[in-house]
Undergrad: 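Sharing a structure, written as structure tokens. Questions coming.
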Amino acid sequence: MRPLTQYGRLAERHWRQFCPRLVKALEAEGRLREMLLQAEVKTDEELDWLSRHFIQNGLTPQQAHDRAWEMVRERYIFLPPEN
């Protein structure tokens, strides 16, 4: 079993703090790790695609990465807090 990357670890910390019901449900189903790995993969894929897109449109690699991270991080890593 491979360890979580930085994105998976960020997601797990955030989810446990701000989405405890989600974490509890995923743990009960035995799917927490699977969903964290999925969040990693989707984050990596979208970051890569968006970064390349922004570089092609004139941004530096750092600017492209930063902009892509701003767009992607809340889709998979920093989910909205539960009420």
Side-chain angles (χ1 to χ4, degrees):
M1 183 178 345
R2 74 177 174 94
L4 295 173
T5 67
Q6 68 180 4
Y7 298 136
R9 291 188 308 270
L10 275 173
E12 185 172 16
R13 279 193 302 272
H14 179 83
W15 295 4
R16 285 189 184 282
Q17 182 175 358
F18 296 102
C19 306
R21 289 189 305 263
L22 171 66
V23 170
K24 185 176 181 177
L26 290 173
E27 286 178 329
E29 297 170 5
R31 295 185 55 225
L32 178 61
R33 183 168 181 75
E34 172 190 345
M35 297 307 291
L36 291 168
L37 291 170
Q38 189 175 73
E40 288 179 344
V41 168
K42 288 183 175 189
T43 298
D44 278 333
E45 289 174 350
E46 286 194 36
L47 274 175
D48 181 59
W49 187 88
L50 285 169
S51 292
R52 283 186 282 115
H53 172 77
F54 291 138
I55 288 168
Q56 289 174 350
N57 286 289
L59 295 181
T60 67
Q62 185 63 53
Q63 290 170 327
H65 179 271
D66 292 348
R67 184 168 295 169
W69 173 243
E70 288 176 15
M71 295 174 71
V72 172
R73 65 186 178 201
E74 292 179 3
R75 288 186 199 155
Y76 307 110
I77 304 296
F78 301 126
L79 301 179
E82 296 173 345
N83 293 331

Undergrad: Please report whether the ring centroid of Trp49 lies less than 6.0 Å from that of Phe54.
TA: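 They do not qualify: ring centres at least 6.0 Å apart.
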Undergrad: Show, in sequence, the C-alpha distance, side-chain angles and deciding distance for Arg31 and Glu34, and conclude whether the salt bridge (Lys or Arg N to Asp or Glu O under 4.0 Å) test is met.
TA: CA-CA 5 Å; Arg31 295 185 55 225; Glu34 172 190 345; 3.7 Å; yes
Undergrad: Between Arg67 and Leu50, does a side chain to side chain contact (heavy atoms under 4.5 Å, CB included) hold up when you go through it step by step?
TA: CA-CA 8 Å; Arg67 184 168 295 169; Leu50 285 169; over 6 Å; no
Undergrad: Do Arg73 and Glu70 come within less than 4.5 Å of each other through their side chains, counting heavy atoms only?
TA: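 Arg73 reaches Glu70 side chain to side chain.
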Undergrad: Any link between Ile77 and Leu47 through a network of hydrophobic side chains (Ile, Leu, Val, Met, Phe, Trp, Tyr) touching at under 4.5 Å?
TA: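 Yes; Leu47 is reachable from Ile77 via cluster members.
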Undergrad: Is there a side-chain contact between Val41 and Tyr76 (heavy atoms, below 4.5 Å)?
TA: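 No, too far: nothing below the 4.5 Å cut-off.
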Undergrad: Please tell me whether Leu26 and Leu79 are part of a single hydrophobic cluster in this structure, the criterion being side-chain heavy atoms less than 4.5 Å apart.
TA: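 Linked within one cluster.
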Undergrad: How are the rings of Tyr7 and Trp69 set relative to one another: parallel (under 30°), tilted (30 to 60°) or perpendicular (over 60°)?
TA: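 Plane angle under 30°, so parallel.
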Undergrad: Decide, yes or no, whether a salt bridge links Glu12 with Arg16 under the criterion of side-chain N to carboxylate O below 4.0 Å.
TA: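 Arg16 and Glu12: salt-bridged.
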Undergrad: Check this for me: does any side-chain nitrogen of one of Lys42 and Glu45 sit under 4.0 Å from a carboxylate oxygen of the other?
TA: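 The answer is no: the pair does not qualify as a salt bridge.
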Undergrad: Specify the closest pair of heavy atoms between Val72 and Glu46, including all atoms of both residues, with the distance to one decimal.
TA: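 Closest approach of Val72 to Glu46, heavy atoms only: CG2-CB, 3.7 Å.
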Undergrad: Taking all non-hydrogen atoms of both residues into account, name the closest pair between Pro61 and Ile55 and its distance.
TA: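 Heavy atoms only, the tightest pair is CA-CD1, 3.8 Å.
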Undergrad: Indicate whether the side chain of Gln63 and that of Thr60 have a donor and an acceptor atom separated by less than 3.5 Å.
TA: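 Yes.
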Undergrad: Does Glu74 use its side chain to pair, donor to acceptor, with the backbone of Pro80 at less than 3.5 Å?
TA: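 No: the side chain of Glu74 does not pair with the backbone of Pro80.
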Undergrad: Leu4 and Leu32: same hydrophobic cluster, using ILVMFWY side-chain contacts below 4.5 Å?
TA: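 Leu4 clusters together with Leu32.
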Undergrad: Quick check for you: to the nearest 0.5 Å, what is the distance between Asn57 atom CG and His53 atom NE2?
TA: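 Result: 4.5 Å between the selected atoms.
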Undergrad: I need the minimum non-hydrogen distance between Leu36 and Ala11, along with the two atoms involved.
TA: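 The answer is CD2-CB, 3.8 Å.
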Undergrad: Which heavy atom of Ala68 sits nearest to which heavy atom of Ser51, and what is that distance?
TA: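 Nearest heavy atoms, Ala68 then Ser51: CB-OG, 3.7 Å.
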